[in-house]
> 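Let me give you the structure first, and then I'll get to my questions.
Proteins get letters first, then strands, A, B, ... in listed order; numbering begins at 1 in each.
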Protein chains: 2
Amino acid sequence: MEKEVKKISIAVIKRLPKYHRYLGELIQKDVEKISSRKLSEMMGLTASQIRQDLNNFGGFGQQGYGYNVKDLYREISKILGLHNKYNFVIIGAGNLGQAIANYHGFSEKGFHLKGIFDINPKIIGMKIHEVQVMDIDKLEEFIYTENIDIAVICVPKENAQEVADRLNKTNIKGIWNFAPVDLRVRKDTVLEQVHLSDSLLTLSYKINEKLLQERQEKIRQRRDIPGHPLKSIKT
Amino acid sequence: MEKEVKKISIAVIKRLPKYHRYLGELIQKDVEKISSRKLSEMMGLTASQIRQDLNNFGGFGQQGYGYNVKDLYREISKILGLHNKYNFVIIGAGNLGQAIANYHGFSEKGFHLKGIFDINPKIIGMKIHEVQVMDIDKLEEFIYTENIDIAVICVPKENAQEVADRLNKTNIKGIWNFAPVDLRVRKDTVLEQVHLSDSLLTLSYKINEKLLQERQEKIRQRRDIPGHPLKSIKT
DNA sequence: TAGATTGTTAATCGATTAACAATC
DNA sequence: TAGATTGTTAATCGATTAACAATC
C-alpha cells in the first residue's frame, strides 16, 4: 500500500551529475534523441548500466526509439533537486572561497551566493562578486534571516570543525566542506566533502604505479633480449 | 616465477589517502600503535575492511599488537608514491589556479609548484606564491626543461581539451583537471578529474531527498493521528 | 510490418563482511 | 601462558553485465 521508497545506491547517485552534464551538452548540440548505446559510448559506461541507472527512477525511454534528450535532462534535473533554488554562504574568504564565489556555473544551476564570512578584519567589508564579506560573528543570524540552505566551508582545517559545530546549531540543510578533515555533523544535516588532497594523492598513486610498471618492463626486456634470447620466445 | 602483480581495485586506492590522513593525525597525537578495530571506529569503516585493504600490499601488522602507526604511515606513503618528488605547473591563473598555488599542503607532500601559465597578457608577469605567471606559449618548452611531472588544468571548460591536447604531445606524467569536462588524454598519461559541480549536485540530491522524506513523514502523521489513530498502532 | 531499443529478469562479477586459525 | 589482534579464507552482499521479451 505504502509506496516503497527503494534506496538508491550511492554509486548511482554519483553518476547522476555526469548524466546531467552530458545531456546538457547534447541539448546544446541540438541533439533530440539518444540511445543508451550511444550515450554509453560517449560516457564510457555500458548501455546496460545506463538503463539500469535510469530505471531506478522510472521508465524515461521508449522502446525502439531511445530517450528524448530534453525530457531526460529535465527528469534528471528534478531527481537532482535542481528544480529547487538554494541560498548559500561561503565561510572563509581565502583563495578557495573567492574562487567558489567567482564561479558562475553555480548560479546557473540555481545556487545563489548570499554572503561570505571571514574572521580576518582586513578582509571583512571587501566585496567579492557583488557580495560583501561579513564578520563570522554574524553567521548564525544571517543564516536565519536570509534562509540559507547551504554553507560552504573554506576555512583552514584547524577551524573547520568549530565552524561545523556552529552550523550544527542552525537549521542549515547542507554543508559542502573543502577543509581536509572529515567533519562530524548532525544526523539530519547533509554533508558533502571535497578532499582535494586525497584526489592529488590518488593521482600520485597512479603515476607511481605506472613508473613501477615501466621499470618492471625494462628489467624484463634486459633479461630476455641480450642474455637468453630464447627465453622470450614461446615454443 | 614472475611476481604476480595483482591489480588493486580503485575502491581500495581511493581509501589510501584517507588512511594516510588519519595516520598522520595519530602521529601528531603521539599515538604509537593502533588496532584495525580502533582505526575503523575513527574512520567509519569496518575493521575487516581495513585489514583486507592493507593486506593487498603486505602484512604490516603484528598479531596481538596491531599496527605501528609510524611504520604504517611510511608504508602507505610509499604505496601512494609520496617518496617521489613531483614538479608541477598550473595552467590557468584565475581564482582556482591561484587558490591551488597558494595552498601549502601540497609542497609538504612533495609536490613542487614550478610555474603558472595563462593566456591573459594582463596576468602574465605577475607573481603568485613566489612563482611567475608565464605565457602559455612557453608551456611545452618549460615542461621539457624543468622536468615537469604534473599539469593542473584550471582553465575554462571551453579551453580545457585544447590544453590537454598540447600536454598530450609532451612527456607529462599526470594531469589534474578542474575544468568541468571529461578530458581525453593519451593512454599512458594518468588523469585525475575533480568535478566540483558534480559534487555540488550530489549535495543537492541529498538535500532534496531529505526534503522529500520529511514531506512524506508529515503526510503520514496527518493521516494517522487525527482521523484514524488506530491505523498507526501495530496489533 | 520489421528493426530498434527499452525495461527487466537472471547471471556474473567483485567488494565487503564474517569467522577463525595463526601467532605475537 | 592467556589475551589480543592480525592475516586469510569463506560467506554474503551488492553492483554490473548479459540476455531477451515487450513494444514502439
> Starting from P on dT5(D), measure out to CZ on F60(B) and report it in whole angstrom.
20 Å
> What is the distance, rounded to the nearest whole Å, between atom CZ of R51(A) and atom C1' of dT8(C)?
10 Å
> Is the distance between the ring centroids of Y73(B) and H20(B) under 6.0 Å?
yes
> Measure from CD on Q49(B) to C1' on dT5(D) and round the result to the nearest Å.
18 Å
> Whether the side chain of Q52(A) and the base of dT9(C) hold a donor-acceptor pair under 3.5 Å is what I'd like checked.
yes
> By nearest atom, which of the nucleotides dA15(C), dT6(D), dT8(D) is closest to the S9(B) side chain?
dA15(C)
> Would you say a side-chain N or O of S36(B) is under 4.0 Å from OP1 or OP2 of dT6(D)?
yes
> Take D188(B) and K210(A), measure what salt bridge (charged side-chain N to carboxylate O under 4.0 Å, His left out) needs, and give me the verdict at the end.
CA-CA 8 Å; D188(B) 62 343; K210(A) 220 196 72 192; 5.1 Å; no
> Report the base-pairing partner of dC24(C) (Watson-Crick or G-U wobble, both distances below 3.5 angstrom), or none.
dG3(D)
> To the nearest 0.5 Å, what is the distance between CG on D53(B) and CD1 on I76(B)?
9.0 Å
> Can you tell me how far P of dT6(D) sits from CG of N56(B), to the nearest Å?
16 Å
> Please report, rounded to the nearest Å, how far the P atom of dT6(C) is from the CZ atom of R37(A).
10 Å
> Could you please name the partner base of dA15(C), counting Watson-Crick and G-U wobble pairs only when both distances are under 3.5 Å?
dT12(D)
> In whole angstrom, give the distance that lies between atom CD of Q62(B) and atom P of dC24(C).
7 Å
> Hey, which of these two, Y65(A) or A11(A), hits DNA chain D nearer its 5' end, going by closest nucleotide?
A11(A)
> Report the distance from atom CD1 of I34(A) to atom P of dA4(C), rounded to the nearest whole Å.
17 Å
> Output the distance between atom CD1 (I148(B)) and atom OG1 (T170(B)), rounded to the nearest 0.5 Å.
10.0 Å
> Starting the side chain at C-beta, find the nucleotide from dT8(C), dC24(D), dT5(D) nearest to N55(A).
dT8(C)
> Over all strands shown, is S48(A) touching base, sugar-phosphate only, or nothing at heavy-atom distances under 4.0 angstrom?
base
> If you measure from CD1 on I91(A) to CH2 on W176(A), what distance do you get to the nearest 0.5 Å?
13.5 Å
> Quickly work out the L54(A) CG to dG7(C) C1' distance and round it to whole Å.
11 Å
